[in-house]
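First up is the structure itself, then whatever we jot down about it.
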Amino acid sequence: MVKHVLIAAFARAAEQAKNAGKLHFETLPTFTVERPANPAYGDFSVNLAMVLASQAKMAPRQVANTLAEFLQLPERLLERLEIAGPGFINLYLAPTWLHEVVQEIHRQGDAYGRTDVGKGARVLAEYVSANPNGPLSIPHGRGAIIGDVLCNVLAAAGYEVSREFYVNDAATSTQMVRFGESLVIRYLQEFGQQIEFPEDGYHGGYVLDFAQHIKERDGDKYVAMNPAERLELFTQMGKEAMIDWQREVLASFGVVFDRWFCESSLFAENDVAKGLALLQQRGETYESDGAVWLASTKYGDDKDRPLVRTNGRPTYLASDVAYHLNKFERGYQTLIDIWGPDHHGYIARTKASLAALGFSPERLHVLIYQVVRLMRNGEYVMGGKRKGDIILLSELIEQVGRDAARYFFLLRSADSDLNFDLDLAVKESPDNPVYYVQYAHARIASILRTAEERGLTLPDPLATDLTPLGNEAEISLIRRLTDFPEEITTAAELFEPHRLTRYAQDLAREFHVFYDRCPVLKEETPEATRNARLTLVGAAKITLRNVLTLLGVSAPERM
RNA sequence: GCGCCGGUAGCUCAGUGGAUAGAGCAUCAGACUUCGGAUCUGAGGGUCGGGGGUUCGAAUCCCUCCCGGCGUACCA
């Protein structure tokens with residue numbers, strides 16, 4: 001990436017100016033090389049002179065002049081340099097460099113945008129992690145897509161990523177027992193038994209559906225069964241059915257995990273006891289009121305947290321300690337947990353528990369996403385209140401389609417509430433961002449198709465002379481294309497996958513403007529220009545397809 | 001009370017300390033004998049919640065106050 005070349009060149013210029021006695025500073029401050037919002041300020045803008053001014057005891061513009069004097073860059077890269085405003089050094093790159101990027105995109109194809117900034121570091125991302133006692137809801141969908149696309153982005157940035165779903169299936173947990181009981185009651189009711197359904201049971205229709213399924217499949221064989229055994233069996237059957245259902249829905253959403261990690265396995269493998277023992281051994285726990293506590297306040301938590309209840313059962317935190325310990329033991333350098341807004345209170349204790357285990361809490365990144373509100377006809381659709389309202393993730397996908405659902409979940413930053421406009425998501429018009437972007441791709445495909453239909457041989461991108469590309473719309477499109485690797489890197493570093501939807505829209509817009517201004521196949525376009533534009537259009541297609549692929553959204557040839 | 005997330009154009013929201021704060025929608029005004037008008041162009045619209053501070057420079061960092069959402073379990 002050219003940016004890194006520029007950063008290195010400026011750092012070298014500063015050092016050389018220092019050695020020559022023209023500039024004084026102790027350590028080189030961090031500085032930025034960025035694309036200015038206003039294209040009049042060049043391709044890149046450097047703020048080094050300004051951040052260096054106070055140390056150098058010189059006016060920023062004077063520092064800039066000194067830096068410019070010592071700056072060495074390949075001639076084919078830099079066209080000119082300007083010192084502007086309070087001391088910005090603005091760089092105007094040679095068009096030939098931009099032309100080279102277009103060819104580089106063709107050379108790299110599907111790999112364009114990928115970088116190796118992650119250097120193969122192993123990262124484990126855990127997301128969705130729903131309880132195996134019900135269907136996936138809309139918020140799960142948001143978490144699923146944030147996680148899925150973040151993983152795509154990290155992989156593209158050179159990290160080695162694993163995707164994991166944590167199944168909260170601790171067999172003794174009250175919620176799983178309640179779920180099993182509800183299933184048993186529904187089953188017995190099917191055989192005419194008058195059992196009142198408990199207030200705190202699972203009232204969802206899917207419980208009844210599954211009970212009826214068991215009745216059809218196995219008949220009345222469980223009616224006379226020992227109640228304790230039956231509860232255990234039904235809990236297990238229900239859990240497996242729910243996991244299968246969740247896996248199926250997620251797969252239809254394009255979200256596939258490397259591993260479904262069951263909380264119950266932490267007990268089966270004795271990991272929970274091991275984690276507790278380790279904490280005890282490190283002196284991080286104490287007993288009080290008959291319970292075992294983690295001294296989490298020592299590591300910044302508000303209060304100490306129970307690990308083992310008075311009744312002897314470990315808490316959820318105890319499982320979580322074991323799980324995170326397990327993750328580190330599997331060799332992951334960095335852990336990412338993606339949780340809903342109701343879990344933010346757990347960040348402090350989870351990080352504290354890692355610190356207590358002797359791991360740097362910095363290695364765990366917890367991403368909290370905010371609430372999702374579905375909107376139809378300008379009104380909020382309240383989940384589950386009225387018949388016909390969308391409440392399940394599977395129903396959302398059915399109604400708006402996988403592409404729109406995925407795209408819309410990434411329309412906003414995770415930190416913001418998300419108003420999901422159901423009407424807009426299915427609208428076939430340019431105000432629907434996913435259509436707008438996909439249309440740009442289809443339009444490009446159409447140009448290339450038309451060219452072939454007219455019997456034109458598509459030019460070899462690597463052998464085409466691109467010097468005809470020079471007007472504002474062309475240059476602006478190319479610049480946007482050159483941003484792509486940087487966009488991926490930034491999204492990966494900041495854990496902000498939503499940046500890609502914005503980039504996709506910016507790129508699509510840039511293409512539509514180009515399309516409007518620069519005829520490719522029309523009579524009036526000379527052959528040399530036509531070939532250069534066909535090559536540019538091809539590069540735009542590759543980039544658009546690559547960003548859509550990262551988003552898990554299809555890049556249609558026709559719409 | 002404490003904690004987390006928001007507060008930016010009429011609406012929904014971008015904006016990793018930089019130059020004149022952006023986009024979409026909505027409103028108004030334009031562009032099709034043409035490669036896909038599912039597109040493009042232009043205009044109006046802002047005390048970046050209020051107030052202090054940090055610095056060459058703050059929507060961005062710090063302090064404080066106000067408003068909204070969520071959380072504050074020996075539930076998972």
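Below, chain A is the first sequence line, B the second, and so on; all start at residue 1. Computed over heavy atoms, backbone and side chain alike; hydrogens, waters and symmetry mates excluded. All values derive from a computational prediction rather than experimental measurement.
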Rounded to whole Å, please give me the gap between [atom1] in [X] and [atom2] in [N].
| X | N | atom1 | atom2 | answer |
| --- | --- | --- | --- | --- |
| A/R305 | B/rA73 | CZ | P | 7 Å |
| A/K3 | B/rU16 | NZ | P | 12 Å |
| A/L418 | B/rC13 | CG | C1' | 11 Å |
| A/L411 | B/rU12 | CG | P | 14 Å |
| A/K239 | B/rA76 | NZ | C1' | 14 Å |
| A/Y435 | B/rG36 | OH | P | 19 Å |
| A/F88 | B/rG17 | CZ | P | 13 Å |
| A/K351 | B/rC4 | NZ | P | 13 Å |

Reading 5' to 3' through nucleotides 54-61 of chain B, protein heavy-atom contacts under 4.0 Å coded B for base, S for sugar-phosphate only, - for none: --B-----
Nearest of [options] to any side-chain atom of [X]?
| X | options | answer |
| --- | --- | --- |
| A/E428 | B/rG36, B/rA14, B/rA38 | B/rA38 |
| A/S45 | B/rC74, B/rA19, B/rC13 | B/rA19 |
| A/R313 | B/rA76, B/rG36, B/rA19 | B/rA76 |
| A/R499 | B/rA76, B/rG36, B/rG15 | B/rG15 |
| A/N419 | B/rC13, B/rC75, B/rG36 | B/rC13 |
| A/Y439 | B/rC5, B/rA76, B/rG36 | B/rG36 |
| A/E34 | B/rU41, B/rG18, B/rA76 | B/rG18 |

Whole-Å [atom1] distance, [N] and [M]:
| N | M | atom1 | answer |
| --- | --- | --- | --- |
| B/rU33 | B/rA38 | P | 15 Å |
| B/rU60 | B/rG18 | P | 11 Å |
| B/rU16 | B/rU27 | C1' | 35 Å |
| B/rG3 | B/rA59 | P | 26 Å |
| B/rG46 | B/rU20 | C1' | 13 Å |

Show which side-chain atoms of residues 174-183 of chain A pair as donor or acceptor with protein atoms under 3.5 Å away, not counting sequence neighbours.
residue	atom	partner	partner atom	Å
A/Q175	OE1	A/N131	ND2	3.3
A/Q175	OE1	A/N133	ND2	2.7
A/Q175	NE2	A/N168	O	3.4
A/R178	NE	A/D200	OD2	2.8
A/R178	NH1	A/E181	OE1	3.4
A/S182	OG	A/R178	O	2.8
A/S182	OG	A/Y202	N	2.9

Residue whose closest nucleotide on RNA chain B lies nearer the 5' end, A/R449 versus A/Q175: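 Mapping each residue to its closest nucleotide by heavy atoms, the 5'-most match is A/R449.
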Position toward the 5' end of RNA chain B (nearest nucleotide), A/H512 or A/T490: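 Of the two residues, A/T490 wins.
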Listed partners of A/T297 passing side-chain hydrogen bond (donor to acceptor under 3.5 Å, both in side chains), at least two apart: A/D304
Partner set under side-chain hydrogen bond (donor to acceptor under 3.5 Å, both in side chains) for A/Y299, not counting sequence neighbours: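 Scan of A/Y299 (side-chain hydrogen bond (donor to acceptor under 3.5 Å, both in side chains), adjacent residues dropped) gives A/E284.
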Any donor-acceptor pair under 3.5 Å joining the side chain of [X] to the base of [N]?
| X | N | result |
| --- | --- | --- |
| A/H344 | B/rG3 | yes |
| A/S416 | B/rC13 | no |
| A/Y515 | B/rC32 | no |

With sequence neighbours excluded, what pairs up with [X] under the salt bridge (Lys or Arg N to Asp or Glu O under 4.0 Å) test?
| X | answer |
| --- | --- |
| A/E82 | A/R80 |
| A/R499 | A/E496 |
| A/R349 | none |
| A/D483 | A/R35 |

Salt bridge (Lys or Arg N to Asp or Glu O under 4.0 Å) contacts touching residues 430-459 of chain A (sequence neighbours left out): A/K427-A/D431
Pairs satisfying salt bridge (Lys or Arg N to Asp or Glu O under 4.0 Å), at least one member in residues 36-60 of chain A, at least two apart: A/D43-A/R479
Ion pair A/D320/A/R305, N-O distance below 4.0 Å: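 Between A/R305 and A/D320 there is no salt bridge, as every charged N stays at least 4.0 Å from the carboxylate O atoms.
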Ring-base stacking, A/Y41 with B/rA19 (5.5 Å, 30° cut-offs): yes
Close side-chain approach of A/F511 and A/V437, heavy atoms under 4.5 Å: no
Using OP1 and OP2 only, check whether a side-chain N or O of [X] sits under 4.0 Å from [N].
| X | N | answer |
| --- | --- | --- |
| A/S413 | B/rA14 | yes |
| A/R309 | B/rA76 | yes |
| A/R517 | B/rU41 | yes |

Output one line per pair: protein atom, nucleotide atom from nucleotides 23-31 of chain B, and distance, for all N/O pairs under 3.5 Å.
residue	atom	partner	partner atom	Å
B/rA23	O2'	A/R509	NH2	3.0

Aromatic ring pairing A/Y206/A/W245, orientation class (parallel under 30°, perpendicular over 60°, tilted between): tilted
Pair A/F88 + A/Y41: ring centers closer than 6.0 Å: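 Ring-ring flag for A/F88/A/Y41: false, centres at least 6.0 Å apart.
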Members of residues 289-304 of chain A that approach RNA chain B, where some heavy atom sits under 4.0 Å away: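 Nucleic-acid contacts, sorted: A/D289, A/A291, A/W293, A/K303.
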